[in-house]
Structures are given as C-alpha cells and as structure tokens.
Amino acid sequence: MLSLTDNAKAAISGITSQSGLPRSGGVRISLAPDADQVEMSLSPQPERGDDVIEEDGARVFVEEAASPLLAEHLLDAETGPEGVGFALRKAS
C-alpha cells in the first residue's frame with residue numbers, strides 16, 4: 001500500500017482543511033485517462049473500491065486501478081515558490 005512521508009501528511013492535512021472539505025474528505029489519487037500517469041484531486045469522500053489511507057490526520061484515497069501500481073511507493077511533498085508539490089518515490 002502507498003505510504004506517506006511526514007511532509008506529505010502535513011501538506012495533505014493543510015490542503016484539505018483549507019479547502020473546506022468535510023471531515024470525510026481527502027486527496028484522491030487515480031489513473032489519468034491514458035493510464036500512464038496518476039492525477040491528484042480533492043474529494044469529499046472515497047469512491048467505491050478506493051483504498052483509504054489515514055495517517056496523522058491525512059486522508060488519501062487511492063483508486064482501485066491505481067493501487068497495485070503505487071503499492072511500493074512513498075508519497076512525498078515539498079513546498080516551493082509555486083506552492084506545494086507532490087512526488088511519488090519508490091520505497092526502499
């Protein structure tokens with residue numbers, strides 16, 4: 001299952017609280033239409049079949065089709081001049 005770094009947890013918690021999502025909300029990761037990339041979006045709740053990752057107040061919903069592809073990855077976040085950016089890294 002996808003793991004979250006401390007930076008990712010903090011960024012997701014901040015984004016979801018600032019966006020006004022309900023407590024059931026979080027960030028959803030799904031396959032892009034061409035299925036060779038993933039996309040992130042805010043979601044008020046997980047969709048049927050999503051894996052739900054809850055760590056330290058951060059909620060991430062991983063689309064069922066994307067879950068096997070992300071199983072051995074870490075979601076990380078960095079804050080730069082343009083705001084928060086996320087990256088997927090292969091877990092060691």
Side-chain angles (χ1 to χ4, degrees):
M1 184 177 280
L2 178 70
S3 299
L4 310 176
T5 66
D6 289 341
N7 289 342
K9 293 177 211 177
I12 290 166
S13 294
I15 290 169
T16 55
S17 67
Q18 290 174 5
S19 70
L21 284 175
R23 291 171 49 121
S24 61
V27 171
R28 185 167 193 266
I29 302 175
S30 58
L31 290 178
D34 56 11
D36 68 346
Q37 295 182 359
V38 294
E39 44 190 28
M40 294 179 73
S41 59
L42 293 174
S43 179
Q45 61 191 24
E47 293 188 18
R48 175 173 280 171
D50 284 355
D51 285 334
V52 178
I53 302 165
E54 293 186 70
E55 295 183 18
D56 301 329
R59 290 175 50 91
V60 177
F61 314 133
V62 181
E63 178 187 40
E64 187 174 15
S67 191
L69 302 172
L70 302 177
E72 301 298 321
H73 286 81
L74 292 170
L75 180 63
D76 195 10
E78 291 184 1
T79 302
E82 297 180 19
V84 176
F86 290 93
L88 288 166
R89 305 189 196 293
K90 193 78 169 163
S92 46

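Note that the structure is predicted; figures quoted are calculated from it, not measured.
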To the nearest 0.5 Å, atom NZ of K90 lies from atom CG of L70 at 10.0 Å

As an exercise, state the distance from CD1 of I53 to CD1 of I29, rounded to the nearest 0.5 Å.
7.0 Å

How far does CD of Q37 sit from OG of S30, to the nearest 0.5 angstrom?
11.5 Å

Linking I/L/V/M/F/W/Y whenever their side-chain heavy atoms sit closer than 4.5 Å, directly or via other members, would M40 and V38 fall into one cluster?
yes

Pairs involving residues 53-67, ordered by first then second residue, that meet side-chain hydrogen bond (donor to acceptor under 3.5 Å, both in side chains) (sequence neighbours left out):
K9-E55, K9-D56, D51-S67, E54-R59

For T79, all residues meeting side-chain hydrogen bond (donor to acceptor under 3.5 Å, both in side chains), sequence neighbours excluded
none

Please, which pairs that meet side-chain hydrogen bond (donor to acceptor under 3.5 Å, both in side chains) have at least one residue in residues 38-49, sequence neighbours excluded?
none

If hydrophobic clusters are built by linking Ile, Leu, Val, Met, Phe, Trp and Tyr wherever their side-chain heavy atoms come under 4.5 Å apart, do V60 and L74 end up in the same one?
no

Hphob cluster co-occupancy, M1 + L4, side-chain heavy atoms under 4.5 angstrom
yes

Salt bridge (charged side-chain N to carboxylate O under 4.0 Å, His left out) partners of E72, counting only residues at least two apart
none

Can you list every pair that meets side-chain hydrogen bond (donor to acceptor under 3.5 Å, both in side chains) and has a residue in residues 19-28, with sequence neighbours left out?
R28-D50

In Å and rounded to the nearest 0.5 Å, what is the CG to CZ distance from L42 to F61?
10.0 Å

Under 4.5 Å between side-chain heavy atoms, hopping through other hydrophobics if needed: is there a path connecting I15 to L21?
yes

Heavy-atom pair with the smallest gap, counting every atom of P22 and P44:
CG-O, 3.7 Å

Heavy-atom closest contact (T16 atom, G26 atom, distance)
CG2-CA, 3.7 Å

Test side-chain contact (heavy atoms from CB on, under 4.5 Å), reference F86, set I12, D76, N7, output is I12

Assess the residue pair L88 and L75 against the criterion (side chain to side chain contact (heavy atoms under 4.5 Å, CB included)); give the C-alpha distance rounded to whole Å, side-chain angles, the decisive distance to 0.1 Å, and a yes or no.
CA-CA 5 Å; L88 288 166; L75 180 63; 3.9 Å; yes

